[in-house]
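Written below as structure tokens is the structure these notes are about.
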Amino acid sequence: MKKFMSLLGLLLIGTLLLSGCSSKDVYSRPEIISSPDQAKELLIAGNQRFMSGNILAKDLSSNRRSELSKGQHPFAVIVSCSDSRVPPEEIFDQALGDLFVVRVAGNVITPVELGSVEYAVEHLKVPLVLVLGHEKCGAITAAVEGGKALGSISAITEKIMPALKEIKNTEGDKETVIEKTAELNVLNSLQSISQSPVIKHALGESHKLYGGKYRLETGEIQWPDTSKIF
Ligand SMILES: [Zn+2]
């Protein structure tokens, strides 16, 4: 009996410690974030947690879902590739209601993607837009390898061609061409977004555009300086 009681005591202490840890480590942020700089800091911090493996617990409770059913206040629009290795909520360690995500192979911008970005900026007042490319992108590789694209895949590769045409003339092996095309393709997508009258009107201190590239093995997102372009 004595043994049983001390075991029960240990179990209780263990449970208390565990519950204490999990409540301390649940991710939270201010509900309204209107500064693009603050939004960028949150993304960088989340990516650092992801890289180091110290991801936080997320509130997926019915209470949180109920709160969010009244409205959403995401703080960043992420235009990223559909690639299964690059899920924005995971790589930025974010939760329900945090990111407005537009995913399309090759992170290209057509009127449909642009409309989604415009909606988020204009109606949801999201302060930051990030176009995120990544290493070893299948869509970019398909464009580089050429050949006849099946079905509607050519609708994607055609959007990548302007970047590829520019990069093809530079020195480098196939892998280098793929990576450089991916980087220029991000800038081209940003250019398309920045030319939208809705976005043009919003850009400034309250809204900013960024480009990024995700490294598959390290999990790191690199943020090239695009402040002079957009
Ligand atoms: Zn991709």
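Both counts, for ligands and for their atoms, begin at 1 and track the order of listing. In this text the structure is predicted, and so the values were computed from the model without any measurement. Throughout, residue positions are numbered sequentially from 1 according to the sequence presented.
The aromatic rings of Y119 and F100 sit tilted, their planes meeting at an angle between 30° and 60°.
A donor and an acceptor atom, one from each side chain of T176 and E179, are nowhere located under 3.5 Å apart.
Evaluation of the side-chain hydrogen bond (donor to acceptor under 3.5 Å, both in side chains) rule for E145 yields K174 as partners, not counting sequence neighbours. Judged as a salt bridge (charged side-chain N to carboxylate O under 4.0 Å, His left out), and not counting sequence neighbours, the contacts of E31 are R64. For R29, the salt bridge (charged side-chain N to carboxylate O under 4.0 Å, His left out) partners are D98, not counting sequence neighbours.
Around the Zn ion (ligand 1), the protein contributes the following N, O or S atoms under 2.8 Å, ordered by chain and number: C81 SG, H134 NE2, C137 SG.
Dense packing is recorded around NZ of K40, with more than 12 heavy atoms of other residues, nucleotides or ligands lying under 6.0 Å away.
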